[in-house]
There are 2 protein chains.
Amino acid sequence: MSLVTDADKPTLYKRIRADIEQRILTGEWPPGHRIPFEHELVARYGCSRMTVNKALSELAQADLIERRRRAGSFVRRPQHQSAVLKIADIRAEITALGRTYGYELIGRKLRAATAADRDRLGVKKAGKVIAITCRHSADNVPFAAEDRLIDLSSVPDAATADFSREPPGSWLLHHVPWTEAEHTISAIVADDRTAEALDIAVGAPCLVIDRYTWRSARTITAVRLLYPGDSHRLVARFKGG
Amino acid sequence: MSLVTDADKPTLYKRIRADIEQRILTGEWPPGHRIPFEHELVARYGCSRMTVNKALSELAQADLIERRRRAGSFVRRPQHQSAVLKIADIRAEITALGRTYGYELIGRKLRAATAADRDRLGVKKAGKVIAITCRHSADNVPFAAEDRLIDLSSVPDAATADFSREPPGSWLLHHVPWTEAEHTISAIVADDRTAEALDIAVGAPCLVIDRYTWRSARTITAVRLLYPGDSHRLVARFKGG
DNA sequence: TACGATTATATGTCTAGACATATAAGTCAA
DNA sequence: TTGACTTATATGTCTAGACATATAATCGTA
């Protein structure tokens, strides 16, 4: 029976945060509205300033309010230009849907980086790379085609990994410590090769995700994922939930 | 000459946070690694516990570490399944590129909600709605086609807004207090109508963004944006920046 | 050996102060 | 009116404590 997400954790600063969030979300305090000063909230809730400060700091970190010295704290304009996009590991995504995951390695080549490879990885110098082509399926229906390049100078262990059984995405997730990533999403129509890989018609729409991954300015992998565009959807949700 | 993002703000807790973040991102402290206890960091930095607690709390809020009572704080596994997708206001997006923005209202209808309208808005009962079709262009080249439905029972002011001059997206952004949104991204091929609206060939790939917006369980608007798929790209970036 | 009770400990929250600092607002002179 | 200076004030950071609480580890017992 809780309208607020974590109303069942009745610590004071969370209650203060939830109270304010509630008023912002309902529109009672519209964008630009100055929320009460810290000392006013201290008086209202009968607590110390550090407690309301913690509540307000978290709201500021979540971009719900903006804090300005000497002026006060203000409700920010909704920013639905940025949303959290969930791009799950494909295996996890499929098994989460209760479907059986299938994986098939199509090609694996270890080679000295060509100019095209270096360009794709965004590096000037690269030694060897592994190029992998594979396919993911759900209930034996093609789900996504993957075309990946791994920089072996960053991930030398990848040279001996067995990608015929484990998808490179999963392997990397468990063997590289921490990464940053950039995703680019676009649409194309299937060419001959793509149509065959995904078992769709030539000219059918495809959703493309290009993911470029690095760690501390060091390139790790570049991957292109192709999904049948009419059956696959990416969902990005902003705020709440 | 700073390697760390906000090293120029030398408050202690930010320095502690940056130090730890650095070690995580470089892989020095891999996923699963237990970072020093609060009392150890207190000793190392010669500060009070609240100060290191603030640093660790922010790292936890950013999902970089996980805190477990009695056990300690641990580096989390990289989660590149969630990324921040920037879906800018179209006008802002175009002007940011230094191109001139153009807007053209194609159709506007005020009507009692049909069954299809209610379905699209995800409501059981809706009074009147406004259906809007319009087009955005950059340097006089079609950039995106928009097809929108606004629930007038949630946003009555929209009935009198002049959408022939201001795009409905911008208008809503400035007239509804705060919203939650869900975006669904998919790919289609252009049909006759779409091809004409975007001045592309029939059968050309299109990127589709369906955005559904509400405030406190109250539906505001549902919009479908169509972009030429080969010229438009969405970029989502995770961590760092 | 397995299970239940106890204990130790790291984190979670909170207080009542303090000083620092950016800046809105007011003051005064050119 | 404008610009420079001063002041008041809200936020930013920090301290040295305190008690609460979840839980890993230990111990004792069946």
Side-chain angles (χ1 to χ4, degrees), chain A residues 2 4-24 29 31-77, chain B residues 2 4-24 29 31-77:
Chain A
S2 73
V4 181
T5 319
D6 47 4
D8 48 347
K9 289 186 174 180
T11 67
L12 185 48
Y13 94 87
K14 284 185 180 171
R15 222 190 86 212
I16 298 174
R17 173 160 65 70
D19 282 359
I20 295 170
E21 194 169 330
Q22 186 75 2
R23 300 207 203 217
I24 293 174
W29 289 346
H33 178 90
R34 209 210 74 228
I35 74 173
F37 294 131
E38 291 190 354
H39 64 83
E40 294 174 304
L41 293 169
V42 162
R44 177 178 312 178
Y45 288 95
C47 62
S48 84
R49 214 191 109 210
M50 279 301 284
T51 301
V52 314
N53 184 281
K54 179 159 188 171
L56 295 184
S57 294
E58 289 195 2
L59 288 170
Q61 210 181 327
D63 274 340
L64 230 72
I65 66 171
E66 183 189 351
R67 313 203 71 196
R68 290 207 298 270
R69 276 186 143 128
R70 167 68 212 250
S73 302
F74 300 83
V75 178
R76 289 190 55 139
R77 187 165 299 289
Chain B
S2 71
V4 181
T5 317
D6 47 5
D8 47 347
K9 289 185 175 182
T11 68
L12 185 47
Y13 94 88
K14 282 185 180 171
R15 222 190 86 214
I16 298 172
R17 172 159 66 71
D19 281 0
I20 296 170
E21 195 170 328
Q22 186 77 1
R23 300 205 202 219
I24 293 174
W29 289 347
H33 177 88
R34 209 210 74 227
I35 73 173
F37 294 131
E38 290 189 353
H39 64 82
E40 294 175 303
L41 292 168
V42 162
R44 178 179 308 179
Y45 289 95
C47 63
S48 84
R49 214 192 109 210
M50 278 301 284
T51 302
V52 314
N53 184 281
K54 179 158 188 172
L56 296 184
S57 294
E58 290 195 1
L59 288 170
Q61 210 181 328
D63 274 339
L64 230 72
I65 66 171
E66 183 189 348
R67 313 202 72 195
R68 290 208 298 271
R69 276 187 142 128
R70 168 69 212 248
S73 302
F74 301 82
V75 177
R76 290 190 54 139
R77 187 166 297 291

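What you are looking at is a predicted structure, and each value in this text was computed from that prediction instead of being measured. A, B, ... follow the sequence lines: proteins, then strands. Residue 1 opens every chain.
- With salt bridges taken as basic N to acidic carboxylate O contacts below 4.0 Å, none links B:Arg15 and B:Glu21.
- Residues A:Lys54 and A:Arg17 form no side-chain contact, since every pair of their non-hydrogen atoms from C-beta on lies 4.5 Å or further apart.
- For DNA chain D, the outermost nucleotides in 5' to 3' order that have an atom under 4.0 Å from a heavy atom of chain B are D:dT13 to D:dA25.
- Using a 4.0 Å heavy-atom distance criterion, B:Ser73 is classed as a sugar-phosphate-only contact.
- At least one side-chain heavy atom of B:Leu56 sits less than 4.5 Å from a side-chain heavy atom of B:Ile20.
- The distance between atom CZ of B:Arg69 and atom C1' of C:dA8, rounded to the nearest whole Å, is 15 Å.
- Using a cut-off of 4.0 Å between Lys/Arg side-chain N and Asp/Glu carboxylate O, A:Glu40 and A:Arg34 are scored as salt-bridged.
- For residues 38-50 of chain A, proximity to DNA chain C is found at A:Cys47, A:Ser48, A:Arg49, A:Met50, defined as any non-hydrogen atom under 4.0 angstrom from a strand atom.
- Interatomic distance, CD1 of B:Ile16 versus CG of B:Leu41, reported as 6.5 Å (0.5 Å rounding).
- Sequence order on DNA chain C of the closest nucleotides to A:Ala71 and B:Arg68 puts B:Arg68 first from the 5' end.
- Side chains of B:Asn53 and B:Tyr13: a donor-acceptor N/O pair is absent below 3.5 angstrom, by distance only.
- Relative to the six-membered ring of B:Phe74, B:Arg67 misses at least one condition, a distance below 6.0 Å or an angle of at most 45° to the axis.
- Under a 4.0 Å N-O distance rule, the pair A:Arg77/A:Glu66 does not qualify as a salt bridge.
- With rounding to whole Å, B:Arg70 atom CZ is found 17 Å from C:dT6 atom P.
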